Colleague: 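Before anything else, here's the structure in question.
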Amino acid sequence: MASDGFTTCLWFDGQAEEAAHFYVSIFKNSSVGKVARYPEGAMQPAGSVMTVEFTANGHRFLGLNGGSQFKFTEATSFMIFCENQEEIDYYWAKLTENGGEPGPCGWLKDRFGVSWQVVPDRLDAMVTDPDPEKAARVTKAFMAMHKFDIAALEKAYAGE
């Protein structure tokens, strides 16, 4: 198996370079790398961006302008675990701006159609608590939310 991790390939319909710059602007430890262009006689216009390498939050990606055949779905999403409400608010606002769509239970789609989950890092511990009543209260609370509200989840967890 490869020892240097994985690279996630994201298929776009002409927006790979725009998306790379968008993601790099949001996450720390991010940069845009090499850009490859389509040659004459290829499936896209000569000189247009074929692929763009980028790193977002330390994770490697390849944006591919492959055409309109494939679309993103919620079957694949990226999870962002946040320490506090400020982080949740930041990522939620950035990823939904300019055409992104909020969804239920901490999910959203960005303007390119990529699905994200913006989640408190403590959520897993709360929903897997050995006390089933605590876990049920938290689950019921988050099922009614779009963007997560950590204070409301903590209250549900405490039984308040």
Side-chain angles (χ1 to χ4, degrees), residues 1-33 51-66 70-160:
M1 181 179 272
S3 61
D4 62 349
F6 295 100
T7 298
T8 301
C9 180
L10 299 174
W11 181 294
F12 294 93
D13 185 15
Q15 313 97 339
E17 190 171 27
E18 178 187 351
H21 287 284
F22 175 67
Y23 300 131
V24 165
S25 76
I26 294 172
F27 297 100
K28 294 177 182 175
N29 193 19
S30 301
S31 62
V32 175
T51 62
V52 57
E53 296 175 4
F54 65 100
T55 301
N57 200 29
H59 183 88
R60 293 179 309 174
F61 290 89
L62 179 78
L64 167 67
N65 282 326
F70 301 111
K71 305 286 183 214
F72 297 111
T73 74
E74 293 84 352
T76 301
S77 62
F78 295 97
M79 296 179 78
I80 305 169
F81 292 97
C82 301
E83 287 184 32
N84 54 48
Q85 192 66 46
E86 182 180 7
E87 284 187 359
I88 288 174
D89 294 346
Y90 169 80
Y91 289 116
W92 192 269
K94 290 293 187 182
L95 290 166
T96 58
E97 73 184 6
N98 297 322
E101 301 173 12
C105 305
W107 289 61
L108 62 87
K109 282 186 186 179
D110 67 29
R111 67 183 185 224
F112 302 103
V114 175
S115 291
W116 298 84
Q117 296 179 57
V118 183
V119 182
D121 57 9
R122 187 160 143 57
L123 183 64
D124 185 57
M126 288 191 268
V127 298
T128 60
D129 191 286
D131 181 340
E133 289 181 14
K134 285 182 174 182
R137 288 191 307 262
V138 171
T139 301
K140 182 178 179 183
F142 85 68
M143 295 295 278
M145 296 178 182
H146 287 275
K147 178 176 72 171
F148 281 122
D149 177 337
I150 294 176
L153 292 172
E154 292 287 354
K155 283 183 177 181
Y157 185 71
E160 297 174 10

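Every value quoted in this text rests on a predicted model; they were computed, and no experiment measured them. Note: hydrogens, waters and symmetry copies are ignored here, and every other heavy atom, side chains too, is used.
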Colleague: Filter on salt bridge (charged side-chain N to carboxylate O under 4.0 Å, His left out), then keep only pairs touching residues 110-120, sequence neighbours left out; what's left?
Modeller: E18-R111
Colleague: Would you kindly say whether S115 and E74 are connected by a side-chain donor-acceptor distance under 3.5 Å?
Modeller: no
Colleague: Check the angle between the aromatic planes of Y23 and F54 and answer parallel, tilted or perpendicular using the 30° and 60° thresholds.
Modeller: parallel
Colleague: Parallel, tilted or perpendicular for F12 and F72, by the 30°/60° rule?
Modeller: perpendicular
Colleague: With rounding to the nearest 0.5 angstrom, report the OH to CD distance, Y91 to E86.
Modeller: 10.5 Å
Colleague: Any donor and acceptor pair, going by atom type alone, linking the side chain of E133 with main-chain N or O of D131 inside 3.5 Å?
Modeller: no
Colleague: Taking atom CZ of F61 and atom OG1 of T51, what is their separation to the nearest 0.5 Å?
Modeller: 15.0 Å
Colleague: Please determine whether side-chain contact (heavy atoms from CB on, under 4.5 Å) holds for the pair K94 and F27, giving the CA-CA distance in whole Å, both sets of side-chain angles, and the decisive distance to 0.1 Å.
Modeller: CA-CA 10 Å; K94 290 293 187 182; F27 297 100; over 6 Å; no
Colleague: Please report the C-alpha distance between T8 and F78 in whole Å, then the side-chain angles of each, then the deciding distance to 0.1 Å, and finally whether the side-chain contact (heavy atoms from CB on, under 4.5 Å) criterion is met.
Modeller: CA-CA 11 Å; T8 301; F78 295 97; 3.7 Å; yes
Colleague: Look only at the side chain of Y90 and the backbone of I26, and say whether a donor-acceptor pair between them is shorter than 3.5 Å.
Modeller: yes
Colleague: Could you check whether any side-chain N or O of Q85 sits under 3.5 Å from a backbone N or O of F148, counting only pairs where one atom can act as donor and the other as acceptor?
Modeller: yes
Colleague: Kindly say whether A16 contributes a backbone atom to a donor-acceptor pair with the side chain of N65 at under 3.5 angstrom?
Modeller: yes
Colleague: Does anything in residues 53-66 form a salt bridge (charged side-chain N to carboxylate O under 4.0 Å, His left out)? List the pairs, not counting sequence neighbours.
Modeller: D4-R60
Colleague: Considering only residues two or more places apart or on different chains, which pairs with a residue in residues 139-160 satisfy salt bridge (charged side-chain N to carboxylate O under 4.0 Å, His left out)?
Modeller: D89-K147, R122-E154
Colleague: Which value, rounded to the nearest 0.5 Å, describes the distance between I80 atom CD1 and D121 atom CG?
Modeller: 12.5 Å
